[in-house]
Amino acid sequence: MERLTIKELLALEPAGQSVEARGWVRTFRSKRFIAMSDGSTIHTIQAVVDFEKFDESVLRSVTTGAAVEVKGTLVPSQGAGQNVEIQVDEVVIHGTSSPDEYPLQPKKHSLEFLREKAHLRMRTNTFGAVFRVRHALSYAIHHYFHERGFFNIHSPIITGSDAEGAGEMFRVTTLDLENVPKTEDGTVDVAQDFFGKETKLTVSGQLEAELAALGLGKVYTFGPTFRAENSNTSRHLAEFWMIEPEVAFADLKDNMDLVEDFLQYLVRFALDHCADDLAFLARREADEDKAKPAAERQAMPLIDRLKFVSQNGFERLTYTEAIDILRNSKPFKKKKFKFPVEWGKDLQSEHERYLVEKHFEKPVILTDYPASFKAFYMRLNDDAKTVAAMDVLFPGVGEITGGSQREERLDVLQRRCKEMNIPEEHVWWYLETRKFGTCKHAGFGLGFERLVMFVTGMTNIRDVIPFPRAPLNCEF
Ligand code: ATP
Ligand code: MN
């Protein structure tokens with residue numbers, strides 16, 4: 001017999017055909033109705049047993065969490081909410097699960113509790129839905145780029161350059177920490193380390209993506225990145241996944257068009273392919289919202305939010321214009337912002353959220369930030385004060401992508417390196433691409449988990465990655 005998933009079984013016309021299903025028991029009611037889930041869909045299938053026909057010892061093992069297989073016939077369901085059910089002829093217990101010890105009782109558990117049970121939380125409705133959506137988005141990202149002639153580049157995870165400047169880095173070493181070799185002047189003798197130099201886990205694949213784009217034309221990376229940020233926020237992880245497209249002969253305008261089309265495509269893809277899971281997550285969010293004070297509730301239900309973003313253009317404005325808006329805003333005048341709003345200072349999350357959620361009520365692309373707090377590789381504008389940067393800000397998650405047109409002029413790039421104390425010998429290979437056939441090019445980085453947060457409505461980044469890595473948190 002062909003093995004079907006519960007998702008496939010639920011889509012069949014019930015005609016008394018023989019079927020099998022395997023999965024984990026969610027509930028077993030009235031010694032008669034087994035609700036089973038196998039992860040293929042948010043829905044369970046109902047398996048109906050006539051307990052008089054079964055050995056009591058077998059049915060005693062049908063408890064919440066047990067792995068079971070049922071064989072029987074597929075018939076129209078008597079119950080509401082499903083088309084089919086299985087009339088069971090045979091039950092095989094694959095793995096029992098002690099009902100007293102199994103942590104996932106058939107009731108609502110808090111997300112905090114489930115984070116402590118990350119090894120089992122995939123079995124819950126919420127995490128099943130989140131990780132199916134996460135998969136769909138990952139697939140859609142490759143699909144989007146492939147269809148448009150981009151090539152996927154695997155950028156290295158261990159890096160010898162610390163020029164990216166995107167955050168604190170994790171050290172990679174095979175030196176014996178109990179007995180670190182030292183040079184004469186007392187510093188660590190990195191020449192004795194595995195690579196003969198200091199190495200770190202990468203914070204971004206961008207510099208390598210640029211090298212690739214300047215040969216392959218259009219490329220993207222999709223890999224893990226690491227930042228030792230000691231900030232325990234709901235939007236930062238120490239290990240997260242990033243998508244970084246890079247396009248040769250593209251400028252800032254092309255980059256904005258790409259990021260907008262890309263993000264809208266991904267949201268639409270989820271709406272089209274994850275309808276059941278999103279409907280569940282929308283109901284979940286609405287339930288949660290009821291318990292929250294009015295000010296913390298979502299202004300728009302999840303599905304409406306996704307449709308809105310996929311159908312409406314993003315607002316595009318410069319950093320300088322944003323500063324004007326913020327300085328004229330009510331919260332600024334009433335001194336409600338915690339951080340200062342001043343030209344030359346980076347925007348904080350409270351400012352970004354005001355722009356997106358209160359002022360424009362839609363996603364915003366902010367461009368042309370002051371060069372002083374942006375990376376050395378961003379293209380210097382003619383005003384010599386700002387760079388051709390662009391951050392996309394989304395409701396709820398704040399910054400979802402950061403990108404720029406890259407500095408393609410060798411002399412300007414060398415000057416910027418000097419200003420930012422980046423020794424040329426650290427980035428000689430990067431500089432060489434500006435020496436041999438340089439051209440304008442642009443790209444951005446999308447934090448994958450921030451995207452999954454936005455699409456699923458989950459408000460803590462630790463709930464959209466299977467096994468989160470954060471300060472003092474590396475279980476599983
Ligand atoms: P933020 O201001 O939110 O810390 P950033 O300016 O440090 O972001 P970039 O260096 O531009 O971020 O990285 C590109 C994208 O990666 C960001 O837009 C965001 O979506 C995501 N990102 C950055 N840091 C983290 C993190 N620690 N955990 C998860 N995603 C992150
Ligand atoms: Mn950061």
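This one's a predicted model, so the numbers in the text were calculated from it and none came from an experiment. Reckoned from all heavy atoms, side chains included, excluding hydrogens, waters and symmetry mates. Counting starts at 1 for both ligands and their atoms, following the listed order.
When non-hydrogen atoms are compared, ligand 1 lies under 4.0 Å from the side chain of Met242 (C-beta onward) but not from its backbone. Contacts of Arg227 with ligand 1, taken as heavy-atom pairs under 4.0 Å, involve the side chain alone. With a heavy-atom cut-off of 4.0 Å, Arg450 touches ligand 1 through its side chain alone.
Ring centroids of Phe314 and Phe394 are separated by less than 6.0 Å, placing the two rings close together.
Relative orientation of the Phe337 and Tyr354 rings is perpendicular, given thresholds of 30° and 60° on the angle between their planes.
Residue contacts with ligand 1: Glu399 is placed with a nitrogen or oxygen under 3.5 Å of a nitrogen or oxygen of the ligand (distance criterion only). Taking any N or O of Gly447, backbone or side chain, at least one lies under 3.5 Å from an N or O belonging to ligand 1. Ligand 1 has an N or O atom lying under 3.5 Å from an N or O atom of Ile400, backbone or side chain.
Residue Glu408 is tested with Arg379, Arg434, Lys435, Lys440 for a salt bridge (Lys or Arg N to Asp or Glu O under 4.0 Å); the sole match is Arg379.
Going from atom CD of Glu361 over to atom CG of Asn312 covers 11.5 Å, rounded to the nearest 0.5 Å. The CG atom of Leu216 sits 12.5 Å away from the CD atom of Glu246 when rounded to the nearest 0.5 Å.
Near Gly445, with a cut-off below 4.0 Å to any heavy atom, the atoms of ligand 1 are 14 (C), 15 (C). Of all atoms in ligand 1, listed by their number and element, those nearer than 4.0 Å to a heavy atom of Ile461 are 29 (C).
Around atom 28 (N) of ligand 1, the closest heavy atom drawn from Thr233, Val392, Leu237 belongs to Leu237. Counting only non-hydrogen atoms, the option in Phe240, Trp241, Phe373 that gets closest to atom 31 (C) of ligand 1 is Phe240.
Residue Lys307 qualifies as open at atom NZ: its count of foreign heavy atoms under 6.0 Å is 12 or below.
Ion pairing of Glu449 with Arg462 is absent here, as no side-chain N (NZ or NE/NH1/NH2) approaches a carboxylate O to less than 4.0 Å.
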